[in-house]
Amino acid sequence: MSRPQPLSGFPELLPRQRIVEQQVVDHLRRAFELHGFANLQTRAVEPMDQLLRKGETSKEVYVLRRLQAEDTEPAGDDALGLHFDLTVPFARYVLENAGKLNFPFRRYQIQPVWRGERPQSGRYREFWQADIDIVDLGELPAHYEVEVALVVADALRGLPLPKLRMHVNNRKLSQGFYQGLGIRDTEEALRIIDKLDKIGHDAVAKLLIDTVDATPEQAEACLKLASISTADTSFVEQIRALGVTDPLLDEGLDELAAVVAAVAAEAPGFVVADMKIARGLDYYTGTVYEVFIEGQEHLGSVCSGGRYDKLASDGKHTYPGVGLSIGVSRLLVPLLQSGALDATREVPTCVLVALANEDERPAANALAQRLRGRGIPTQVSPSAAKFGKQIKFADKRGIPFVLFTNDEGTQIKDIRSGDQTTVDVDAWNPPAEDLHPTIVTAE
RNA sequence: GUGGUCGUAGCUCAGCUGGUAGAGCACCUCGUUGUGGUCGAGGAUGUCGCGGGUUCGAGCCCCGUCGAUCACCCCA
């Protein structure tokens, strides 16, 4: 029997990597709660018709099937599929609980999602998303499009990550511009522009001409727009200078300028208005966001989202929303695997209580419990082996302190420096940075 | 889902035109018989991803499969 091999697209972490992930998630959670977002957890499955509502994403869904199901059993819309994001389940949850929720409602949700795609670096079949959304009843004020961007900027700040950049656009702006130009199928035009980075200027021009019947001049104007990218609100003048007018364009310009101005003020250097951001998902109707790791753009967006006006609607009421989803796995797994991110140790343990002989175990347990009582993670040595072995046990795991009991009383040794001093167990505290493992970045 | 490349010890890798496996690091023991890391000596380790085929003989050739990775697709 050979060793089991990993399953493609289902990454699993080692303990010290998981410590990093856990701390990042804790950080995000604290930040979201500081902004007043309540936590929510939704079930892993949704009915297929809910998941397929957006049409094109259908092929990515993992379908759930009973082992004992008969082949004759229908696997249609009443079948269950694993959710592929957290926005669609949330929209369903809002509709289901509309009567019990207070609007505007803000929530965060940190859960795994599943997609049946072929894995690549940064692309997984099971991965974690950290999602925030704000939904309202009927109308959603535009200022929430500013707020969610600020929350994410705040949440990502202070994490030991490479430089991140948020690219923002507004669908009204792009579609208004295309409309003003006289292009009919503005949705399709948007999808084509979204390919700009991948297939290049000329191929996009050709597609626009072939697919949406754009004239060469219209195609050129679309590409001109897409080339605009500014870190402040100067994009407004640049777009005005292109001479296209449309009411929808005006709306988009105002909304995007508000987002960019606010985020640039709050998190300098973080945001950039980027007219070629379009987003694949077709339910977005206003601001769209994509965050990239600078220099790692090939990984794709590590956080994205936007405003959606009609995702949650029961026919009578509509609950427009805006939200962003951080791809926790995409952000962390490549950094963990390359060693760019690591933890100071692989266990929570701060102190190892050494054992002189097995008879002392009850006393050692009591000693450990006193440290734990003051919040110091402590474990007792697995055996009364030679002290050198016991120190090695701690060293291999990165446990910084070993406690000995000898003629001099209780002594704590910092095994990094070798310093060993007699201490009062009920008064001793490790340096704050040693109490819990922390994240370290490779140079 | 489609196509390309790759898969040898825990890790990084070597292995000639097919002749039944090696290095460095890590690990274990001892020197140092109850305070680790250095140094020295010694030791253990693989169904060569898995399954099948060709051959007197396969780590090496062929087919399949699984995994890794890249591109497409799509997206966090």
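No experiment lies behind these values; they were computed from the predicted model shown. Per chain, numbering begins at 1; letters A, B, ... match sequence-line order.
The nearest whole Å value for the distance from the CG atom in A:Asp414 to the C1' atom in B:G36 is 13 Å. Distance CD (A:Glu117) to C1' (B:U69): 16 Å, rounded to an integer number of Å. Put simply, CG on A:Leu299 is 10 Å from P on B:A71, counting in whole angstrom units. At whole-Å resolution of the value, CD in A:Glu346 and C1' in B:A26 are 14 Å apart. A:Leu14 places its CG atom 11 Å from the P atom of B:C11, with the value rounded to the nearest Å. Look at CZ on A:Arg191: it is 14 Å from C1' on B:C73, rounded to the nearest Å. Here B:G10 presents its C1' atom at 15 Å from CZ of A:Arg16, a figure rounded to the nearest Å. Here the C1' atom of nucleotide B:A76 and the CD1 atom of A:Ile293 are 11 Å apart, to the nearest Å.
Taking only side-chain nitrogens and oxygens, A:Lys389 comes nearer than 4.0 Å to OP1 or OP2 of B:U29. Look at A:Lys396 and you won't find any side-chain N or O under 4.0 angstrom from OP1 or OP2 of B:G10. Put simply, A:Ser325 has no side-chain N or O that comes within less than 4.0 Å of OP1 or OP2 on B:A76.
Between A:Leu335 atom CG and A:Ile439 atom CD1 the span is 10.5 Å, to the nearest 0.5 Å. Residue A:Lys172 holds its NZ atom at 7.0 Å from CG of A:Leu248, rounded to the nearest 0.5 Å.
Comparing atom distances between the A:Lys386 side chain and each of B:C30, B:C74, B:C28 picks out B:C30 as nearest. Side-chain proximity of A:Lys413 to B:C74, B:C28, B:U35: nearest is B:U35.
Within 4.0 Å (heavy atoms only), A:Asp131 reaches no atom of the nucleic acid at all.
The cationic group of A:Arg106 does not satisfy the cation-pi geometry with A:Tyr108, failing either the under 6.0 Å distance to the six-membered ring centre or the 45° limit from the ring axis.
The aromatic rings of A:Phe32 and A:Phe37 are tilted relative to each other, their planes meeting at an angle between 30° and 60°.
Looking at A:Arg30 and A:Glu33, no side-chain N of the basic residue comes within less than 4.0 Å of a carboxylate O on the acidic one, giving no salt bridge. For A:Asp213 and A:Arg184, the salt-bridge test fails: no basic side-chain N is under 4.0 Å from an acidic carboxylate O. A:Arg416 and A:Asp395 are not joined by a salt bridge, as no carboxylate oxygen comes within less than 4.0 angstrom of a charged side-chain nitrogen. Under a 4.0 Å N-O distance rule, the pair A:Arg157/A:Asp154 qualifies as a salt bridge.
Put simply, the side chain of A:Gln420 and the base of B:U35 share a donor and an acceptor less than 3.5 Å apart. Applying the 3.5 Å distance criterion, the base of B:G36 shares a donor-acceptor pair with the side chain of A:Asp395.
In terms of position along RNA chain B, the nucleotide closest to A:Phe10 lies nearer the 5' end than the nucleotide closest to the other residue of the pair A:Arg123 and A:Phe10.
With both ends at atom P, the span from B:G67 to B:A44 equals 36 Å, rounded to whole Å. Here, B:G59 and B:G7 have their P atoms 15 Å apart, quoted to the whole Å.
The aromatic ring of A:Phe127 sits over the base of B:A76, with ring centres less than 5.5 Å apart and planes tilted by under 30°.
Base pairing in RNA chain B yields stems of at least 3 consecutive Watson-Crick or G-U pairs, both distances under 3.5 Å, namely B:1-7 with B:66-72, B:10-13 with B:22-25, B:27-31 with B:39-43, B:49-53 with B:61-65.
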